[in-house]
Amino acid sequence: MSKESFERHLVLVGLMGAGKSSAGALCAKRLERKFVDTDHMVEEAAGISVARIFATLGENEFRELERRAVSAASASEVPLVISCGGGVAIDPVNQEALRESGYVVWLDAPIRELAERATRKSGARPLLAEGDPVATLQALAEVRYGAYEAMADLRIDTAGLGVSAVADLIIKAISKGVTG
Ligand code: S3P
C-alpha cells in the first residue's frame, strides 16, 4: 500500500445514492479504520435527524453544522474513512480541508441508478422529498460535478456494482496509490 495514500484519510464524495456510506463503512472495516459519516456527525451535534434539521432549522444551518463536521473529521490525527454528504464538496472551505488531509474518491453512477438507490429509504433525504428525484439529481449533478472532479484523486463508476465490489475497487486503488 502506498504510504502516501495510506496515511491520509480516505474521503468519499458524490451525489446522494452513490453508496458512500455503505462502501465507506465496508472499506473502514477492511482497512481497520474508524468510519465517520458527516450526516451522522451533524445529527449527533444537533440531536435530531438531517430531515428534521432541514425542516426546522433550514438548509443554511445544516450546511454550517456540516462544515463543522468536515473540519473536525479532517483534523483527526488518526486516518479515517470519511463519507461526505452529497453537498459537502461544493463548499470551498470543505474542499480545501478534505483535499489537504485526504485521498478523495468520487463515487459516481448514472443519474437513474442514483435516484433509484437514493429513494429506497423514503423521507431520509429532504432534497428528494418533493418533485422528480431524477430531475433533482440531474440539476444537482450539473452544479456539483465540477466540484467533485476538482476534488477527486479518483472517480469510480459504480454502475451496476454492489457495495462489496465498490469497496474492492476503492481498496485496490488506494493500495496502488493511484492518483488520477
Ligand atoms: C445532501 C445529501 C445527503 C445529506 C443531505 C443533503 C445533498 O447526504 O447530507 O440530505 O445536499 O446532496 P447523502 O449524500 O449521504 O445522501
Side-chain angles (χ1 to χ4, degrees), residues 9-28 34-74 80-95 97-98 102 104-152 155-159 161-163 166-167 170:
H9 300 310
L10 168 60
V11 178
L12 302 181
V13 299
L15 283 178
M16 293 175 274
K20 294 160 292 180
S21 302
S22 40
L26 193 51
C27 286
K34 186 175 171 202
F35 171 69
V36 297
D37 180 313
T38 59
D39 286 338
H40 295 164
M41 293 174 79
V42 165
E43 288 179 334
E44 257 174 43
I48 49 175
S49 70
V50 168
R52 289 291 300 155
I53 298 169
F54 269 73
T56 58
L57 306 173
E59 181 168 353
N60 286 347
E61 182 61 21
F62 172 78
R63 297 298 171 197
E64 183 51 40
L65 292 165
E66 185 173 62
R67 254 190 300 279
R68 283 187 223 156
V70 169
S71 165
S74 49
L80 303 170
V81 176
I82 306 173
S83 167
C84 295
V88 159
I90 49 168
D91 181 288
V93 176
N94 291 341
Q95 274 184 27
L98 293 167
V104 182
V105 178
W106 170 17
L107 297 184
D108 197 15
I111 296 291
R112 285 192 177 279
E113 195 167 331
L114 293 173
E116 198 274 317
R117 294 188 207 156
T119 51
R120 271 181 207 157
K121 201 171 142 199
S122 78
R125 292 185 165 101
L127 294 181
L128 301 180
E130 281 166 29
D132 171 20
V134 172
T136 303
L137 283 163
Q138 185 61 52
L140 290 173
E142 277 156 30
V143 176
R144 294 177 179 176
Y145 273 18
Y148 295 148
E149 188 157 27
M151 269 186 91
R155 172 183 168 275
I156 295 180
D157 182 359
T158 70
L161 297 180
V163 177
V166 173
I170 295 170

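Atoms within a ligand are numbered from 1 in the order they appear, just like the ligands themselves.
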Notebook entry, point to check: What protein heavy atom sits nearest atom 14 (O) of ligand 1, and how far away is it?
Noted result: Lys20 NZ, 2.5 Å
Next item on the list: Would you mind listing which atoms of ligand 1 come within a distance below 4.0 Å of any non-hydrogen atom of Gly87?
Entry: 7 (C), 11 (O), 12 (O)
Note to self: So if I count the atoms of ligand 1 from 1 in the order they appear, which ones are less than 4.0 Å from some heavy atom of Val50?
What the structure shows: 5 (C), 10 (O)
Item checked: Ser21, any N or O under 3.5 Å of ligand 1 N or O -> no
Notebook entry, point to check: Among protein heavy atoms, which sits nearest to atom 12 (O) of ligand 1, and what does the distance come to when rounded to 0.1 Å?
Noted result: Arg144 NH1, 2.6 Å
Next item on the list: Would you please name every residue forming a side-chain contact (heavy atoms from CB on, under 4.5 Å) with Arg68, sequence neighbours left out?
Entry: Glu64, Leu65
Note to self: Which residue and atom name correspond to the protein heavy atom nearest atom 8 (O) of ligand 1, and how close is it?
What the structure shows: Asp39 OD2, 2.8 Å
Note to self: Quick one, Arg117 and Thr158 - any side-chain contact, counting heavy atoms below 4.5 Å?
What the structure shows: yes
Check: What residue among Val88, Val13, Leu137, Leu15 forms side chain to side chain contact (heavy atoms under 4.5 Å, CB included) with Arg144?
Finding: Leu15
Notebook entry, point to check: Nearest 0.5 Å, what's the CG-NE2 distance between Leu98 and His9?
Noted result: 8.5 Å
Notebook entry, point to check: For atom 11 (O) of ligand 1, which candidate among Arg63, Arg125, Met16, Glu59 holds the nearest heavy atom?
Noted result: Arg63
Next item on the list: Under 4.0 Å, heavy atoms only, figure out whether ligand 1 is touched by the backbone of Val42, its side chain, both or neither.
Entry: neither
Next item on the list: Check the angle between the aromatic planes of Phe54 and Phe62 and answer parallel, tilted or perpendicular using the 30° and 60° thresholds.
Entry: tilted
Checklist line | Greater than 12 external heavy atoms within 6.0 Å of Asp132's CG | finding: yes
Next item on the list: Kindly confirm or rule out an N or O of Gly86 lying under 3.5 angstrom from an N or O of ligand 1.
Entry: yes
Margin query: More than 12 heavy atoms of other residues, nucleotides or ligands under 6.0 Å from CD of Glu61: yes or no?
Written below: yes
